[in-house]
Amino acid sequence: MRQIIPISGKDSLATALVQLKYEPDLPYEFVFNPTGAELPEVFEWIDKVEKYLGKPIHRVGENLIELIEEYNFFLPNRNSRYCTRECKIEPFEKWIGKEDAIVYYGIRNDELRGGYNNAKYPNIIPNYPLKEQKNEDGEIIRTGYGINEVYEIINEAGLKPPTFFWEDVYKEVCKIMRGEDIVKGILTEWQIDFLFSWRSRANCYFCFNQMKREWVGLLTFHPELFWKAEKLEHSESEYYWNGKDYPLTKIVQNKETIKEKHIKKLVKIIRKIRFDKSYRQTSIFDFESEQGFDDFFKTTSCGLFCGK
């Protein structure tokens, strides 16, 4: 029975570290599913994790740019998410083949999220070590791990994934809130990472799920990749990343307005956390349902195979 742990972000890494703690003698295989469109920070982190584990992290994926060319520049979009399926999931399943395998996925105990559907591949048995574990009698034999516990695990190992920290935005919010101490005193570490990241997750740099503020972040920190994404909009394709009425050239034109709007929403959220005690320990997913914050906290991505 193969023992496989895909690693792509904080939760999957915590899963690997938990498994190594509780069942260290299993013959684990570690996997990363690249598309060739990842940000350089992601590969730097994967290399660091690989050194820590002392075992290779297998790279199993297909090149998305080449796939887009094969599709005559029909770009992946919300109605045709062939990118995840053909570049990540199918190569991963093919790599496992017909061998029986337990695959350990990084779903936390504080998440309401579906797992891996193995209907087509019953030989692939999903396991979720971060969830609460019970025995046959229903007794809890291991408590689950939430976002705070995940941070403790990865910080202890010194392996926190890139946070894509947006320092200019952070400084401006601190200025409005009248002090960095106030902001840090209100927010937990994961809230700071989540709120002040210029990416909601380490997806492909041209992921269609990105919000406008994330495109501004890409333009700011990796302009060469932004313009590669913009070029794809004009490669015989009728699809635009933000819809036909909002090509990436409009992101360039409106970048300061988008950034200012982003800062105002951050201040509004932090003030609510500051003055509403019941709101202070809200999870990322509760944030998503908060009226008026939906577009800000929308973190749609490629599920278990992308930045998880």
Side-chain angles (χ1 to χ4, degrees), residues 1-38 42 46 49-50 52-64 66-67 70-71 76 80-109 111-145 150 153 201-204 300-308:
M1 178 78 73
R2 295 174 69 180
Q3 311 284 327
I4 300 171
I5 307 180
I7 295 178
S8 61
K10 65 183 187 307
D11 298 329
S12 54
L13 173 60
T15 296
L17 297 178
V18 165
Q19 278 303 114
L20 287 169
K21 177 181 177 180
Y22 286 100
E23 299 182 275
D25 297 327
L26 292 176
Y28 296 112
E29 300 173 74
F30 303 106
V31 186
F32 175 58
N33 303 116
T35 67
E38 288 80 12
V42 175
I46 287 291
V49 172
E50 190 172 52
Y52 180 92
L53 296 173
K55 294 185 68 174
I57 297 177
H58 301 284
R59 273 66 165 175
V60 179
E62 295 292 334
N63 188 288
L64 181 52
E66 293 178 0
L67 186 62
E70 290 178 16
Y71 274 84
S80 182
R81 295 178 59 165
Y82 67 82
C83 47
T84 308
R85 183 183 70 251
E86 296 190 36
C87 291
K88 290 177 176 284
I89 299 175
E90 290 178 0
F92 179 68
E93 292 169 337
K94 183 179 179 181
W95 180 70
I96 294 175
K98 296 181 180 180
E99 296 180 84
D100 290 336
I102 297 176
V103 179
Y104 301 87
Y105 293 104
I107 298 182
R108 301 191 311 272
N109 204 51
E111 291 186 275
L112 297 175
R113 173 191 292 273
Y116 173 77
N117 184 347
N118 69 343
K120 289 177 64 176
Y121 298 91
N123 60 303
I124 300 177
I125 303 168
N127 190 290
Y128 309 102
L130 301 184
K131 303 287 282 185
E132 186 178 81
Q133 305 290 312
K134 297 181 180 179
N135 62 20
E136 294 179 356
D137 298 323
E139 299 171 327
I140 298 174
I141 57 176
R142 189 198 302 175
T143 57
Y145 297 81
V150 162
I153 292 168
R201 190 171 291 177
N203 313 44
C204 299
T300 305
S301 72
C302 304
L304 297 176
F305 290 84
C306 184
K308 188 76 179 76

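Position 1 is the first residue of the sequence, and the numbers go up from there.
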Practice problem: Provide the closest heavy-atom pair for Ala101 versus Ile96 in the form atom of the first, atom of the second, distance. | Solution: CB-CG2, 3.9 Å

Quiz item: Of the non-hydrogen atoms in Pro76 and Cys83, which two are nearest, and what is the gap between them?
Solution: CB-SG, 3.7 Å

Quiz item: Of the non-hydrogen atoms in Leu26 and Gln3, which two are nearest, and what is the gap between them?
Solution: CD1-OE1, 3.8 Å

Self-check item: Minimum side-chain heavy-atom gap Tyr105-Pro6 below 4.5 Å
Solution: yes

Quiz item: Are any of the side-chain heavy atoms of Cys204 and Leu64 separated by less than 4.5 Å?
Solution: yes

Quiz item: Roughly how far apart are Asn33 CG and Ile57 CD1, rounded to 0.5 Å?
Solution: 11.0 Å

Practice problem: Indicate yes or no: does Lys94 engage Glu62 in a salt bridge with an N to O separation below 4.0 Å. | Solution: no

Quiz item: Would Tyr71 and Glu86 count as having a side-chain donor-acceptor pair, cut-off 3.5 Å?
Solution: yes

Quiz item: Which atom names give the shortest non-hydrogen contact between Thr15 and Gly106, and what distance separates them?
Solution: OG1-CA, 3.2 Å

Quiz item: What distance separates Lys88 NZ from Phe32 CZ, expressed to the nearest 0.5 Å?
Solution: 6.0 Å

Quiz item: Does Glu111 use its side chain to pair, donor to acceptor, with the backbone of Asn109 at less than 3.5 Å?
Solution: no

Quiz item: Hey, does Tyr28 have a side-chain heavy atom less than 4.5 Å from the side chain of Leu53?
Solution: no

Quiz item: Do Glu38 and Ile46 have side-chain heavy atoms sitting under 4.5 Å apart?
Solution: no

Please output the side-chain donor-acceptor pairs of residues 121-132 that fall under 3.5 Å, not counting sequence neighbours, one pair per line with the distance.
residue	atom	partner	partner atom	Å
Asn123	ND2	Gly97	O	3.0
Asn123	ND2	Glu99	O	2.7
Tyr128	OH	Tyr116	N	3.0

Quiz item: Taking C-beta and beyond as the side chain, do Cys87 and Leu67 meet within less than 4.5 Å on heavy atoms?
Solution: yes

Quiz item: How close do Asn63 and Gly36 get, heavy atom to heavy atom, and via which atoms?
Solution: ND2-CA, 4.4 Å

Exercise. Please examine the side chains of His58 and Trp95, heavy atoms only from C-beta on, and report whether any two atoms are closer than 4.5 Å.
Key: yes

Exercise. For Ser12, check side chain to side chain contact (heavy atoms under 4.5 Å, CB included) against everything at least two apart and list the hits.
Key: Ile7, Ser8

Quiz item: If every non-hydrogen atom of Glu50 is compared with every non-hydrogen atom of Lys55, which pair is closest and at what distance?
Solution: CG-O, 3.3 Å

Quiz item: With distance as the sole test, does Lys10 use its side chain to make a donor-acceptor pair with the main-chain N or O of Val150 at under 3.5 Å?
Solution: no

Self-check item: Validation row: Phe92, Ile4 side chains within 4.5 angstrom (heavy atoms)
Solution: yes

